[in-house]
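These notes are about the structure you will find just below.
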There are 2 protein chains.
Amino acid sequence: MSDLVTRLRRHNWRITPQRRVIAETLDGSHVHYTAEEILERACEQMPELSRATVYNTLNEMVALGEVLELALDGRSKRYDPNADHEHHHLICEGCGLMKDVHALADPVDWLPGDERHGFTVTRASVTYRGLCPECRAA
Amino acid sequence: MSDLVTRLRRHNWRITPQRRVIAETLDGSHVHYTAEEILERACEQMPELSRATVYNTLNEMVALGEVLELALDGRSKRYDPNADHEHHHLICEGCGLMKDVHALADPVDWLPGDERHGFTVTRASVTYRGLCPECRAA
DNA sequence: ATCCTAGCTTAGACTATGTCTAAACAAAGA
DNA sequence: TCTTTGTTTAGACATAGTCTAAGCTAGGAT
């Protein structure tokens, strides 16, 4: 598994300074940020970075298949740079914090044939929900 | 499994004419609607029904645990009246069709303690993705 | 029956999230 | 250098949903 900038470069995608800052902000964390959080953090590196560029860049990285867009909490979308390996998500119902997790079994194996309604089922992802330590204490 | 209005009444929840129309709009269908779609359909029965009442009522039914709120496509939330039995969702990646399905095991059991990051994990839902018979043929 | 109260409904203002537009800017090739 | 193409920007716009304040309604007390 290589870093996100390297994976993006393989698509002949121009790595501008703005795009690099956004990719580096995204990468290397197992917490998934919203677009606003990425903007805020990336602006620490490049204060003139615009909101539109963050949204454009995230959408392009999703279209290239190198970043996953997650819409699991009904508030704002979150972006997951780990599109190159299988994993599931754990979400705090209090604050929306989202982390990657790994489960012991593949849920596809637990869906009986007569529940498949004729579909060809190719993948399954599990959304675990609960409270993070901070929200439980509060 | 009883109908949604009956289940709601058990919570000592006042069934006003507006709430009844909204519940019946939700319950009669096997498709999961957005709030706007519910408003549009419910207004055929009760044209003066307001948007705020639809949103309030849906949120209350979710809070009572009788309706599930689904945020799976990043656009708008959809509402599922079948909250009285555990189920997961199967989504066609071609046409967006969404069906309820039942799995053989509870995915919470597959998440090891060291993957819980200190969270109290209360539930898990699986989103199965694939192609429905029509989209596979196309 | 009438009044009172609590809770329900309403229109519209407001907030949050995300997209679009048009102009300025930057980089690469002729 | 000039041109072309693609990128970035600020801000207008769009969409989804929440909040507020006022009026309305149902049901209990008298």
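Quick caveat, the model's predicted, so the values are computed rather than measured. Because only heavy atoms are used, hydrogens play no part in the values below, and waters and symmetry mates are left out as well, while side chains stay in. In what follows, every chain begins at residue 1, and chains take the letters A, B, ... in the order their sequences are listed.
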Query raised in the report: Is a side-chain N or O of A/Arg136 found less than 3.5 angstrom from the main chain of B/Gly118, in a donor-acceptor match?
Result: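 Here the side-chain-to-backbone pair exists.
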
Requested in this report: Measure the angle between the two terminal helix axes of the helix from C/dA1-D/dT30 to C/dA30-D/dT1, five base pairs each, and quote it to 10°.
Outcome: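 Helix axis angle between the two ends: 10°.
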
Requested in this report: Going 5' to 3' through nucleotides 6-18 of chain D, assign each nucleotide B (protein heavy atom under 4.0 Å from a base atom), S (under 4.0 Å only from sugar-phosphate atoms) or - (no protein heavy atom that close).
Outcome: -SSBB-----SBB

What pairs with [X] under side chain to side chain contact (heavy atoms under 4.5 Å, CB included), at least two apart in sequence or on another chain?
| X | value |
| --- | --- |
| B/Asn59 | B/Glu69, B/Tyr79 |
| B/Asp109 | B/Asp106 |
| A/Asp80 | A/His32, A/Leu68, A/Leu70, A/Asn82, A/His87, A/His89, A/Asp100 |
| A/Thr127 | A/Leu72, A/Ile91, A/Arg129, B/Ser125 |

Requested in this report: Is it possible for you to say whether A/Leu26 and A/Met46 belong to one hydrophobic cluster, with membership spreading through side-chain heavy-atom contacts below 4.5 Å?
Outcome: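 Linked, A/Leu26 and A/Met46 end up in one cluster.
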
Specify the separation, in whole Å, of atom [atom1] of [X] and atom [atom2] of [N].
| X | N | atom1 | atom2 | value |
| --- | --- | --- | --- | --- |
| B/Asn12 | C/dC8 | CG | P | 12 Å |
| A/Leu70 | C/dG18 | CG | C1' | 16 Å |
| B/Leu8 | C/dC8 | CG | P | 13 Å |

Query - Test salt bridge (charged side-chain N to carboxylate O under 4.0 Å, His left out) applied to B/Glu66 and B/Arg10, step by step - result: CA-CA 11 Å; B/Glu66 296 297 350; B/Arg10 286 195 201 117; 5.7 Å; no

**Report entry** Atom pair OH (B/Tyr33) and CG (B/Leu58), whose distance is rounded to the nearest 0.5 Å
**Finding:**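 So the OH of B/Tyr33 and the CG of B/Leu58 are separated by 13.0 Å.
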
